[in-house]
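Data block below; observations after.
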Amino acid sequence: MKNDRFLRALRREPVDTTPVWLMRQAGRYLPEYRATRAQAGSFMGLATNPELACEVTLQPLRRFPLDAAILFSDILTIPDAMGLGLYFAEGEGPKFERPVRSAADIAKLSVPDIGTKLRYVTDAVSLIRRELDGQVPLIGFSGSPWTLACYMIEGGGSDDFARVKALAIEDPASLHRLLGVVTDAVIAYLDAQRQAGAQAMQVFDTWGGMLAPHLYREFSLRYLQRIAAELPRGEGADAAPLILFGKGNGPYLEELAATGAEAIGVDWTVSLGDARRRTGGRVALQGNLDPSTLYANPDAIRAEARRALDDYAAANGGSRAGHVFNLGHGMAPSMDPEHVRVLVEAVHEVGATPAA
């Protein structure tokens, strides 16, 4: 591995500078991505073609000195493999042809055969790992059980997630049955990615933070705990650490740090210093710049990067170890690639110096 600072940071080991990667770093803000997407003909055409998925995964690494690659795919591949019929409506985001709306629908669900239904993902992982040739580590990922359930029940995105919340309140047993099957699938899916070559794994709990605390603990945290406890990670130098990321997960950091995951990703609504103090150094931390910072001018971007880096280090006894710099959520299509370059270079420059 030519650059292993990302993996070293997840193990809370000293690094020469703070590693950085960005959620949605392969995406529509890059003109070369848009050209490849046009070549594929559709988003799913791109995501299900291992060669093209490999190409867009590598594109940001050709532009920026990032410290990790993340598989280009979608969080909804599991429910699609379960037969729900994923499609993307122009300007509307992902939708399902056959959403899960009843106990009978839930009873029909089963863990898909990863080796056949999701072979295009594991093939892409193997190809990317080979093409990276040890340049940087490769991250595999999945949506969290709760977040996948939201889309499966709502049939797509939602402003209020009323259907899935109502099911949680009026028929929790049915929702737990759905979440149990989805969790089994997530564990199998992530394990298959690891065996295909992923060197770290991230679970995206995008919608956990919109739950009331008692519902979060019952329907989101419980299943993140299962993943952290049951997901095989390998051993020794081949161990693949697990990162649990959630929008709005600030109130639950202590509980997330106790799951057994190696790292917790946080959004911009909690400071890195507070997150470090509350988790007590038991886990590495990833985050947490507000993505909107990338719309600011370069000097402001550099200042915000330094503030976040120094905030973590000040709470970590002056050490920058155990921190992976990232955004608090994903990048947007309208962001300027040159601002991304400014951010990545600023993180490496500041991260190589003693904390202020």
Any luck finding a side-chain donor-acceptor pair between Asp105 and Ser102 under 3.5 Å? yes
Taking all heavy atoms of Ala308 and all of Leu272, pick out the closest pair and write down the distance. O-CD1, 3.5 Å
Do Ile78 and Ser142 touch side chain to side chain, with heavy atoms closer than 4.5 Å? yes
Just checking His176 against Phe219, ring centres under 6.0 Å apart? yes
Between Thr279 and Arg282, does any side-chain donor sit less than 3.5 Å from a side-chain acceptor? no
Using only atom types and a distance under 3.5 Å, with no angle test, would you say the side chain of Asn49 pairs donor to acceptor with the backbone of Leu52? yes
Has the side chain of Thr147 got a donor or acceptor atom that lies under 3.5 Å from a matching backbone atom of Trp207? yes
Between the CG atom in Leu224 and the OG1 atom in Thr183, the distance rounded to the nearest 0.5 Å is 8.5 Å
Flag side-chain contact, heavy atom, 4.5 Å: Arg233 against Pro241: no
Does the side chain of Phe245 reach to within under 4.5 Å of the side chain of His329, using non-hydrogen atoms? yes
Starting at CG of Leu327, measure out to CG of Leu22 and round the result to the nearest 0.5 Å. 4.5 Å
Tyr151 and Phe96: CA distance, side-chain angles, deciding distance, ring pair (Phe, Tyr, Trp, His ring centres under 6.0 Å) verdict: CA-CA 8 Å; Tyr151 287 102; Phe96 285 116; 7.4 Å; no
Ring centres under 6.0 angstrom apart (Tyr252, Tyr216): yes
Is any side-chain heavy atom of Asp205 closer than 4.5 Å to one of Ser220? yes
Side chains of Asn326 and Asn288: any donor to acceptor distance under 3.5 Å? no
Check whether any side-chain heavy atom of Gln135 sits under 4.5 Å from a side-chain heavy atom of Met1, and report yes or no. no
According to the interplanar angle, ranging from 0 to 90°, do the rings of Phe43 and Phe88 count as parallel (below 30°), tilted (30 to 60°) or perpendicular (above 60°)? tilted
Look at atom CZ of Arg119 and say whether more than 12 heavy atoms of other residues, nucleotides or ligands are closer to it than 6.0 Å. no
Report yes if some heavy atom in the side chain of Leu285 is under 4.5 Å from a heavy atom in the side chain of Asn316; otherwise report no. no
Can a donor-acceptor pair be found between the side chains of Gln59 and Thr36 at a distance below 3.5 Å? yes
Taking the six-membered ring where the residue is Trp, are the ring centres of Tyr33 and Phe72 under 6.0 Å apart? yes
Flag side-chain contact, heavy atom, 4.5 Å: Leu66 against Gln25: yes
Check: Asn249 and Val266 side chains under 4.5 Å, non-hydrogen atoms: yes
Worked check of salt bridge (Lys or Arg N to Asp or Glu O under 4.0 Å) between Glu349 and Arg302: CA-CA 10 Å; Glu349 180 181 348; Arg302 293 186 190 98; 5.9 Å; no
Asp67 and Arg5: CA distance, side-chain angles, deciding distance, salt bridge (Lys or Arg N to Asp or Glu O under 4.0 Å) verdict: CA-CA 7 Å; Asp67 295 298; Arg5 60 172 69 108; 2.7 Å; yes
Between the CG atom in Leu343 and the NE2 atom in His348, the distance rounded to the nearest 0.5 Å is 10.0 Å
Quick check on the 6.0 Å ring-centre criterion: do Trp146 and Tyr223 meet it? no
Before you tell me yes or no, could you show the steps for Arg217 and Glu255 under salt bridge (Lys or Arg N to Asp or Glu O under 4.0 Å), namely the whole-Å CA-CA distance, both residues' side-chain angles and the distance that decides it to 0.1 Å? CA-CA 9 Å; Arg217 291 185 174 97; Glu255 292 158 283; 2.6 Å; yes
